Amino acid sequence: MKLSLTVNGSERSVEVPPLKRLLDVLREDLQLTGTKEGCGEGECGACSVVLDGQLVNACLVPACQTAQAQVITIEGLPAPGGQSGALQRAFVECGAAQCGICTPGMVIAAQCFLQTGQAADERAVREALAGNLCRCTGYQKIIDAVQRAAQEQVE
Amino acid sequence: MDGNGVPTTAAVGRSPARLDGAEKVSGRALYLDDIRFEGQLWGRTVRSNVAHGLIKELRFDPAYDWTGITRVTARDIPGDNVIHLIEDDQPCLAERMVRHCEEPIALIAANDRERLDEALQHVRVEIEPLEPVLDPLRSPRDFKKFLIERNVEGLANAFANAHRVVEGTYVVRHQEQMYIEPNAVCATPRDDGGVTLHGSMQCPYYVHRALQRLLRVDESRIAVIQTVTGGGFGGKEEYPSMIACHAALLARKAGLPVKMVYRRDEDIAATTKRHPAVVKHRTAVARDGALLGCEIEIVMDGGAYCTLSPVVASRGVLHAGGAYRWPACRIQARVVATNTPPNGAFRGFGVPQTIFAMETHMEKIAAELGMDPFELRRKNAYLLGDETPTGQKLKWSVAAQEVLEAAAARSQYAQKRARFAQQKSGRKRRGIGLSLALHGAGFTGGGEVKLKSRAGVELTPRGARVLSISTDIGQGTITIFAQMAAEALGISIDDVEVALPDSSRMPDSGPTVASRTCMVVGGTIAKAAEEMARILRAYAAALHQVSEKEVTCRGGVFYVGRRALASFGQVAEAYLREHRALQLIEQYAQPPGIEWDEQSYRGDAYVCFAWSGTAVEVAVDLDTGEVQVERVVQACDIGKAIHPILCEGQVEGGVVQALGYALLEELVFKDGRPQNTRMQNYVIPTSLDAPRIESILIENPYPHGPHGAKGLGELPMDGPAPAVAAAILNATGVLVPELPITPDRLLHLLEVGR
């Protein structure tokens, strides 16, 4: 099928099988390799992206469900040092990225949480990130980073 | 600034942003599967579906159209059909016999993954099953046996005169490393008959040597390049050699690059796990709690091939007596063959198994004596000058008591333990437990001498470039190397680059394993950088006609006394104009007086030990058997924290991985076949399972480590599991002698206890 969707603010159009995973559309057809594959079955969250405002695992979404959709991937977030790159900067400063393979998905999930405007108490942050597995950090520095970014957002 | 108004560099001991941080948080870091190789095919593996048997026929369905598909069998191997490691017993592709489920038999590659999956359905392997050995206790074959004895005459007396003899058997099972990036490599064939291999790995030279042996080419025809690696934990120590050999065979036959990226279920089922073990303790103890002697017997399950089992077992054996002085002891071990996938390296490397047994046994001894477990540990913990079971005299950096006391104090162990022991009602019971652990830094025994690790620095127009093959797998290797080089040279870490690990260009600094990278390789780099600093000071002094003795470099500027002479860059550029290059490669040298005898297993097993005290607080639901870990305090003596945030990251991550080992994680086998090979049924801790972890970094410098640093990577993994068992004992009165402590195991023992 011819798939038209908006990725990180740009309109994109690709020819893909309708059941191709959004993850593969992003990584192979659009060369956006920041979205990672850890398990291929929606457990690890390494492929987290925002689809029409919802946090989803791109490995579980078929291309045909994304026609005309708005998708945001890690490449669509501001780079560290950018005006609203506070979250990614906090990840670096707090030591929240170690091997880094879960990091793009973690950043996307954290960004979704911050946008809800909920109070970033530790329990809320842990719940918001419970769908994203990390094997390196024990999560603590990731939570610290999200709380630091939330604090800066308030200020 | 120092008192004279001269800037200080002090790169070491601070926590600058990790060098690869910006790339990783932006998604720009390129892992193997993110890289496109021109004309690349995808490869997959045909595997055994039985645990033991004779291969009768390997058949590529003649009715199927194989056009465009590359097929490889053992007959395509130009060199030796082995994966080169300790023993060359593991074939690259099984030819006549399979010895475990998932054993590789053949390989196929195609340019389309769906086609590849389809083709895989048309490969038939007929295997005549043989009786498998699945119970390690009944294995007829040892990969290696160990015996450590100390004061044998005294041992009999110790048991004869003991106030109590306490016995216990402890059981631990398979744990999966579960790095989030699965194993992945890409082999590109070269015109000279060799290959260039990119991949996710810990040890590029292991892969380099395995390829040389398999392809029968000289070392110059192979280049192994580490790509950004999404976690290893030991799981990418030896297995990448297997996948690299597979990809290389396909690539040579196809004449095109071949990428192999394991699916999660394949990665869990086929690659190495933590060795299961059964550990028996028999301990003679005095009325006052003094440990008089012990007999320890260990059986570890090595799986079907030797891989690293002898060294895993060796480290387990050498740590089996824990951090306690034993006037007399006998420690015996066997690591045996079974028809299950080979077990291998995993953070802790045999120690989490034997420390779980030792520390859980200490709880049992304390209970039998009616003694406080903290007091029992404190009374027997090593002090400076004590001797280990191998006769190693602990001559520096001993902090067993200090870490134990720090963990107990911060966690309010004494008060809480007394309070929790009083709870007699309610469905949820709380408990607190302690453990004490030690971890030898660097390779065991003479390993570091044999490795002859080489690493160094070269001058760049701005600063320096670090040269080593040591890999950053998330722990922060490149950042601490840059810090240590910057510190020695008196420049900013922004002016230090770390070269890409490439076995065709970089010196062999040894494998990235054994908590050795900071202490051994970092120390070697620091030494090379200090020599470079000396050469440049002399050069700057000559250039400016001042006395060399008065020249220093700090904050990227050369000074004579307090007067600035020139920037580092100016001196470097002048030096490079005149001499073209300045490269310094050092070889690691063992400190003087370290002796080890491999035959008798006597002497200095490690140059030094790192120490950890762990306190864990749990809430146990008596109706469901669920255990929630509410708090963990871990105090670690690591000599020196080169980068405190990275160190805390090692502690926090290691603790949570160990909590998974304690409570959740077990790869279950049925007839030799792994059952729970998905993240859905092999569960690791999430952010909701992980508690807040309070790490306390203690710095008792090791005099021969860089800035006093010892090893850290594995230490945090060793202590939490027994501390969880101790906390559950405090909460419920039940001591669980096996891992993982799943709700069904705990409920069963609670039932029996009633």
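Residue numbers start from 1 in every chain, and the chains themselves are labelled A, B, ... in the order their sequence lines are given, proteins ahead of strands. Computed from a predicted structure; not experimentally measured.
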Worksheet item: Which one, B:Asp33, B:Ile473, B:Leu659, B:Val651, leads in non-hydrogen pairs under 4.5 Å with chain A?
Response: B:Asp33
Fill in: For chain A, the option from B:Leu688, B:Asp689, B:Ile645 that forms the most heavy-atom pairs under 4.5 Å
B:Leu688
Discussion item. If you count heavy-atom pairs within less than 4.5 Å of chain B, which of A:Gln98, A:Arg135, A:Glu43, A:Glu41 leads?
Written reply: A:Arg135
Discussion item. Does any backbone or side-chain atom of B:Ala29 lie under 4.5 Å from a heavy atom of chain A? Answer side chain, backbone, both or neither.
Written reply: backbone
Discussion item. Using heavy-atom distances under 4.5 Å, tell me whether B:Gln177 contacts chain A through its side chain, its backbone, both, or neither.
Written reply: backbone
Worksheet item: Between A:Gly34, A:Cys39, A:Gly95, which shows the greatest number of heavy-atom pairs under 4.5 Å with chain B?
Response: A:Cys39
Practice prompt. Please state whether the side chain, the backbone, both or neither of B:Asp472 comes within less than 4.5 Å of a heavy atom of chain A.
Written response: neither
Fill in: Ion pair A:Glu152/A:Arg148, N-O distance below 4.0 Å
no
Worksheet entry | Toward chain B, the part of A:Lys141 with a non-hydrogen atom under 4.5 Å | both
Worksheet item: With only heavy atoms counted, which part of B:Pro16 is less than 4.5 Å from chain A, the side chain, the backbone, both or neither?
Response: neither
Discussion item. Quick check on A:Glu37 against chain B: is it the side chain, the backbone, both or neither that has a heavy atom closer than 4.5 Å?
Written reply: backbone
Worksheet item: Where does B:Ile693 contact chain A at under 4.5 Å (heavy atoms): side chain, backbone, both or neither?
Response: both
Worksheet item: Any ion pair linking B:Glu694 and B:Arg410 (charged N to carboxylate O, less than 4.0 Å)?
Response: yes
Practice prompt. Check whether B:Pro685 gets within reach of chain A through its side chain, its backbone, both or neither, counting any heavy atom under 4.5 Å.
Written response: both
Worksheet item: Can you tell me if CD on A:Gln54 sees more than 12 non-hydrogen neighbours from other groups inside 6.0 Å?
Response: no
Discussion item. For B:Thr614 and B:Gln634, which I'm curious about, is there any donor-acceptor pair between the side chains at under 3.5 Å?
Written reply: yes
Worksheet item: Counting heavy-atom pairs under 4.5 Å to chain B, which of A:Thr137, A:Ile143, A:Thr103 comes out on top?
Response: A:Thr137
Response to the item:
Answer key: most heavy-atom pairs under 4.5 Å with chain A among B:Gln680, B:Met178, B:His643 is B:Gln680
Practice prompt. Using modelled atom types only, decide if a donor and an acceptor are shared between the side chain of A:Gln70 and the backbone of A:Gly53 within a distance under 3.5 Å.
Written response: no
Item to complete: State plainly whether the residues B:Asp20 and B:Arg18 are in salt-bridge range, i.e. N to O under 4.0 Å.
Response: yes
Worksheet item: Got B:Leu664 and B:Ile684 here, is their nearest side-chain heavy-atom distance under 4.5 Å?
Response: no
Worksheet entry | B:Thr229 side chain to B:Ser200 backbone, donor-acceptor under 3.5 Å | no
Item to complete: Measure distances from A:Glu127 to the heavy atoms of chain B and classify the residue's part below 4.5 Å as side chain, backbone, both or neither.
Response: both
Worksheet item: Side chain, backbone, both or neither: which part of B:Arg678 has a non-hydrogen atom closer than 4.5 Å to chain A?
Response: both
Worksheet item: Do B:Glu652 and B:Arg692 sit within salt-bridge range, that is, some charged N less than 4.0 Å from a carboxylate O?
Response: no
Discussion item. Looking only at heavy atoms and a cut-off of under 4.5 Å, which of A:Arg123, A:Lys36, A:Met106 has the most pairs with chain B?
Written reply: A:Lys36
Worksheet item: Do you know which of A:Glu28, A:Glu75, A:Glu93 has the most heavy-atom pairs with chain B at a distance under 4.5 angstrom?
Response: A:Glu28
Worksheet entry | Basic-acidic side-chain contact under 4.0 Å: B:Asp34, A:Arg27 | yes
Worksheet item: Between B:Asp267 and B:Tyr179, do the side chains contain an N or O donor and an N or O acceptor separated by less than 3.5 Å?
Response: yes
Worksheet item: Do you know which of B:Gly653, B:Gly27, B:Gly231, B:Ser687 has the most heavy-atom pairs under 4.5 Å to chain A?
Response: B:Ser687
Worksheet item: Counting distance only, does the side-chain N/O of A:Asn132 pair as donor-acceptor with the main-chain N or O of A:Gly105 below 3.5 Å?
Response: yes
Fill in: B:Ser612 side chain vs B:Cys636 backbone, donor-acceptor pair below 3.5 Å
no
Practice prompt. Give, as side chain, backbone, both or neither, the part of B:Leu30 having an atom under 4.5 angstrom from any heavy atom of chain A.
Written response: side chain
Worksheet, complete the sentence: With chain A, the option among B:Val656, B:Val261, B:Thr686 that has the most non-hydrogen atom pairs under 4.5 Å is B:Thr686
